[in-house]
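Take a look at the structure set out below.
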Amino acid sequence: MTTLHLLSHSPYGNDRLTSCLRLFGAEDGLLLSGDAVYALQPASAARKALASLPSGAGLYALAEDLQARNIQADDAVTAVDYSTFVALTLRYDKVNSWL
Amino acid sequence: MKFAIALFAAPHQPAARRALRFAQAALADGHEIVRLFFYQDGVHSASSSVVSSQDELDLTAEWRTFVKAHNLDGVVCIAAALRRGVLDTDEATRYGRTAASIEAPWVLSGLGQLHEAVQEADRLICFGGP
């Protein structure tokens with residue numbers, strides 16, 4: 001059973017990202033949107049934390065939010081549009097929004 | 001595939017726009033939306049009283065147009081709406097209030113509608129927070 005985690009909170013405002021990573025399954029996916037894409041800022045503490053994701057994990061970010069914040073995500077991150085966002089929610093068995 | 005979409009965020013929060021764009025993409029890709037359920041501060045996105053600045057996205061109008069165009073089932077949680085002063089004409093009459101801001105295509109109903117939608121849908125996607 002795999003889960004796609006949706007996170008839109010900034011990594012600097014609360015501990016949701018940490019909680020998410022604690023519960024993260026080996027084949028889960030993480031889609032960052034809104035201020036959560038700041039976790040992809042190169043060399044940041046949050047980006048280093050994301051490097052500990054399991055090798056089978058998928059790491060995604062909404063392209064429009066990366067662009068709006070001028071964040072150049074590295075090659076480990078897949079930038080997605082809304083159509084791919086929809087497809088991702090179906091690729092995983094469950095979707096969990098970190099509200 | 002069938003989606004149920006729940007919106008918890010107020011219309012000025014990015015999550016409310018994200019929910020709309022997701023819903024539009026889902027239909028564009030041939031999927032079905034069994035129900036939209038607006039809960040907590042999300043009820044304001046169904047209000048016809050919201051006025052947006054001319055140079056800003058009018059999200060409540062976009063939602064209304066989208067729901068009408070695709071004949072979707074747009075449900076607003078009645079308890080969450082009443083406590084935020086978001087009423088339809090029936091509720092305004094019932095409680096002696098002068099303003100009603102919920103009109104078609106939106107309907108006020110209970111949380112059971114969310115539960116039922118989750119049973120019918122392949123996925124429940126929740127949008128909330130920032």
Side-chain angles (χ1 to χ4, degrees), chain A residues 1-20 23 28-40 46 58 60-71 78-99, chain B residues 1-43 45 56-57 59 62-63 66 70 72 77 80 111 114 117-130:
Chain A
M1 195 70 118
T2 59
T3 301
L4 176 68
H5 300 265
L6 304 179
L7 184 64
S8 60
H9 290 260
S10 163
Y12 302 106
N14 55 56
D15 292 329
R16 280 177 177 77
L17 178 62
T18 310
S19 300
C20 174
L23 294 173
D28 283 0
L30 173 60
L31 171 55
L32 302 171
S33 61
D35 283 345
V37 303
Y38 282 120
L40 300 173
Y60 313 94
L62 261 189
E64 64 175 20
D65 289 322
L66 289 171
Q67 188 186 3
R69 292 161 184 79
N70 193 29
I71 291 172
T78 306
V80 300
D81 59 10
Y82 280 94
S83 180
T84 309
F85 181 176
V86 172
L88 282 174
T89 63
L90 298 170
R91 185 185 305 171
Y92 293 86
D93 299 316
K94 292 184 294 184
V95 180
N96 181 49
S97 303
W98 291 79
L99 295 173
Chain B
M1 301 290 268
K2 295 179 179 179
F3 285 97
I5 296 174
L7 175 61
F8 298 76
H12 60 270
Q13 293 178 295
R17 177 184 166 281
R18 208 173 292 131
L20 175 63
R21 295 288 176 255
F22 181 94
Q24 290 169 331
L27 291 192
D29 290 348
H31 301 294
E32 182 187 339
I33 296 173
V34 296
R35 185 165 292 149
L36 296 162
F37 192 86
F38 286 12
Y39 192 39
Q40 297 178 353
D41 285 343
V43 302
S45 283
E56 288 179 13
L57 171 71
L59 194 75
E62 267 210 47
W63 269 118
F66 175 71
H70 299 281
L72 298 176
C77 176
L111 200 52
L114 175 60
V118 173
Q119 306 309 312
E120 282 184 34
D122 297 298
R123 294 287 187 282
L124 165 69
I125 314 295
C126 298
F127 291 89

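A note on names: the letters A, B, ... follow the listed sequences, proteins ahead of strands, and every chain is numbered from 1.
Heavy-atom distances place the side chain of Phe3(B), and not its backbone, under 4.5 Å from chain A. Residue contact with chain B, scored on non-hydrogen atoms closer than 4.5 Å, is absent for Ser10(A). With a threshold of 4.5 angstrom between heavy atoms, Pro130(B) approaches chain A through its backbone and through its side chain. Using a 4.5 Å cut-off between heavy atoms, Leu4(A) makes no contact with chain B at all.
Along residues 20-30 of chain B, the residues that come nearer than 4.5 angstrom to chain A, judged on non-hydrogen atoms, are Arg21(B), Phe22(B), Ala25(B), Ala26(B), Asp29(B) in order of number.
Every residue meeting the side-chain contact (heavy atoms from CB on, under 4.5 Å) condition with Arg69(A), not counting sequence neighbours, appears here in chain and number order: Asp35(A), Val37(A), Tyr38(A), Asp65(A), Ile71(A). For the side-chain contact (heavy atoms from CB on, under 4.5 Å) test, residues two or more places apart in sequence or in another chain that qualify with Ala6(B) are Phe8(B), Leu114(B), Leu124(B), Cys126(B). Listed by chain and number, the residues in a side-chain contact (heavy atoms from CB on, under 4.5 Å) with Glu120(B) are Val34(B), Glu116(B) (sequence neighbours excluded).
If you take CG on Leu90(A) and NZ on Lys2(B), they are separated by 13.5 Å, rounding to the nearest 0.5 Å.
In this structure, Ile125(B) and Val86(A) have side chains that are not in contact, with every pair of non-hydrogen atoms separated by 4.5 Å or more.
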Check: Under the salt bridge (Lys or Arg N to Asp or Glu O under 4.0 Å) criterion, do Glu64(A) and Arg17(B) qualify, and how do the steps go?
Finding: CA-CA 12 Å; Glu64(A) 64 175 20; Arg17(B) 177 184 166 281; 2.9 Å; yes
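Between the side chain of Arg123(B) and the main chain of Thr89(A), a donor-acceptor pair closer than 3.5 Å is present.
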